[in-house]
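All remarks here apply to the structure that follows.
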Amino acid sequence: MKPGLLIAGELPAWDLEALSERFDLHLYYAAPDAAAKQAMLAAGRETIRAIATKGEVGADAALMDALPKVEIIACYGVGYDLIDVPAAKARGIRVTNTPDVLTEEVADMAIGLMLAAARRIPHGDAWVRDGSWKSKGSFPLTTRVWGKRLGIVGLGRIGSAIARRAAAFRMPISYSSRARKGGVPAYDWYATPAEMAPHVDILMVSAAGGAATRGLVDRATIEALPEGAIFCNVSRGTVVDEAALLDALRAGRIGAAGLDVFLNEPDIDPAFLAFPNVVLQPHAASGTVETRKAMGALMRENLEAQMDGKPLPTPVDQ
Ligand code: 8YV
């Protein structure tokens, strides 16, 4: 009999197909209501040995308690802030994620958002499509990206990949993190985003989510940015004081923003929709076919390694 696998969040068909060769799939995300979900958990209580989840879905202690035979929670994504790792540890459940395979993709989106926000690329596109080019003439002038001072909040894998790209734009780079990193002498270090903010023209948030970074980019940071600064976030909505960001946008102190992540996705604060100088993305930075296939493959390798009693390729709990 194949081991049971609870699919907590929707996955592409190619992943479900590959996973079904090895596991008996329980499509939790597709259960129509709470009662159907409960019934699925009850039916799989003795047979479900693994959970496949996603960054934005996670797995809480109640889910773990409902499935006492679970040995592994594999996250389809690098961020596992919604997985209760201490609860998993306490129950002897392993947790894995998909680092590295999405780093360059997210960094591409970060640069894309920065350019789209500063150069107003979506608005220029609309200007051509709606006939404004013909009726109103030239598009209003925008602002430069290359050569501007970039501040990166969190110089981890993704932040470093953004910095490498930004170097090609001849941008002086600063970063904030709890400790100075070795091997990056060309970058200026600040202990907090608030200390860094006055020294940058573009602030890029790429810190991991979770309790340790909740509200890290606080009101003091946002208020310390120079007038007209550009603000981008490709990490988690929780890292930013969203109310402070909205206030700065309303006051016109932030020149433009490029945002891939928000609080309460996908039911985001509608105030964001009103700003013509904000470029929005639906948490899509890792969302290419190539990268999603690589993420799915790595998640599967982790699940299979656990079933085979082999070392896990990318555990987060060690
Ligand atoms: C999502 C992400 O997980 O890796 C992360 O932490 O935020 C994304 O890659 C992705 O949307 C898959 O659900």
Side-chain angles (χ1 to χ4, degrees), residues 2-31 37 40-41 44 48-60 63-64 67 70-85 87-88 93-109 156-158 161 206 208-210 234-238 260-262 265-266 281-308 310-318:
K2 292 179 192 170
L5 171 64
L6 190 85
I7 309 288
E10 192 173 3
L11 291 174
W14 57 69
D15 286 316
L16 294 179
E17 203 182 313
L19 287 165
S20 68
E21 286 171 20
R22 187 70 201 269
F23 295 93
D24 181 22
L25 305 189
H26 300 254
L27 304 184
Y28 191 61
Y29 69 89
K37 283 193 190 321
M40 190 176 287
L41 296 180
I48 293 178
R49 290 175 57 199
I51 297 173
T53 190
K54 299 161 70 160
E56 53 270 59
V57 175
D60 60 16
L63 184 65
M64 298 175 208
L67 297 172
V70 163
E71 300 165 28
I72 178 170
I73 299 170
C75 185
Y76 177 78
V78 67
Y80 51 89
D81 40 301
L82 293 184
I83 299 177
D84 189 338
V85 177
I93 301 172
R94 307 298 306 280
V95 179
T96 63
N97 66 343
T98 60
D100 301 318
V101 292
L102 49 67
T103 299
E104 305 295 330
E105 212 70 83
V106 177
D108 276 0
M109 178 63 90
R157 297 181 186 87
I158 293 170
S206 67
V234 292
S235 70
R236 289 288 184 265
T238 53
D260 186 47
V261 289
F262 307 85
E265 296 171 10
Q281 280 290 296
H283 196 149
S286 70
T288 64
V289 170
E290 297 92 329
T291 284
R292 289 289 167 86
K293 285 197 168 171
M295 289 161 61
L298 182 52
M299 182 181 72
R300 209 161 58 244
E301 283 166 33
N302 278 291
L303 289 165
E304 291 179 358
Q306 177 65 25
M307 295 301 118
D308 295 340
K310 293 191 176 142
L312 302 178
T314 49
V316 305
D317 51 353
Q318 282 174 355

Mind checking whether K2 and R22 have side chains closer than 4.5 Å, heavy atoms only?
no
Are any of the side-chain heavy atoms of H283 and V234 separated by less than 4.5 Å?
no
Can you list everything that forms a side-chain hydrogen bond (donor to acceptor under 3.5 Å, both in side chains) with D84? Sequence neighbours excluded, please.
none
Which atoms form the tightest heavy-atom contact between G55 and L82, and what is the distance?
O-CD1, 3.5 Å
V316 and I83, any side-chain heavy atoms less than 4.5 Å apart
no
Could you tell me which non-hydrogen atom of G44 sits nearest to which non-hydrogen atom of H26, and how far apart they are?
CA-CE1, 4.4 Å
Going by side-chain contact (heavy atoms from CB on, under 4.5 Å), name the residues that satisfy it together with A208, two or more places apart in sequence or in a different chain.
none
Of all heavy-atom pairs linking P311 and A305, the shortest is O-CB, 3.6 Å
Results of side-chain contact (heavy atoms from CB on, under 4.5 Å) for E105 - residues two or more places apart only
D108, T288, T291
Please give me the minimum heavy-atom distance between V95 and A88, naming the atom from each residue.
CG2-CB, 3.7 Å
Do L312 and Q306 touch side chain to side chain, with heavy atoms closer than 4.5 Å?
yes
So which atom in M40 and which in A31 form the shortest heavy-atom distance, rounded to 0.1 Å?
CE-CB, 4.1 Å
Kindly give the heavy-atom pair with the smallest separation between R94 and P315, and that separation in Å.
NH2-CB, 3.7 Å
Please examine the side chains of V78 and V101, heavy atoms only from C-beta on, and report whether any two atoms are closer than 4.5 Å.
no
In Å and rounded to the nearest 0.5 Å, what is the CE to CD1 distance from M109 to I158?
12.0 Å
What donor-acceptor contacts under 3.5 angstrom involve side-chain atoms of residues 6-21, with partners at least two apart or in another chain?
from	atom 1	to	atom 2	distance (Å)
S20	OG	L16	O	3.4
S20	OG	E17	O	2.7

N/O donor to acceptor pairs below 3.5 angstrom from side-chain atoms of residues 293-304, sequence neighbours left out:
from	atom 1	to	atom 2	distance (Å)
N302	OD1	T314	N	3.1
N302	ND2	L298	O	2.9
N302	ND2	T314	OG1	2.8

Within a strict 4.5 Å, meaning less than it, do heavy atoms of the K54 and C75 side chains meet?
no
A side-chain contact here means heavy atoms from C-beta on lying under 4.5 Å apart; do T53 and Y76 qualify?
no
Residues two or more places apart in sequence or in another chain: which of them pass side-chain contact (heavy atoms from CB on, under 4.5 Å) with V70?
I48, I51, L67, I73, I93
Using a strict threshold of under 4.0 Å (side-chain N to carboxylate O), is an ion pair present between R49 and D24?
no
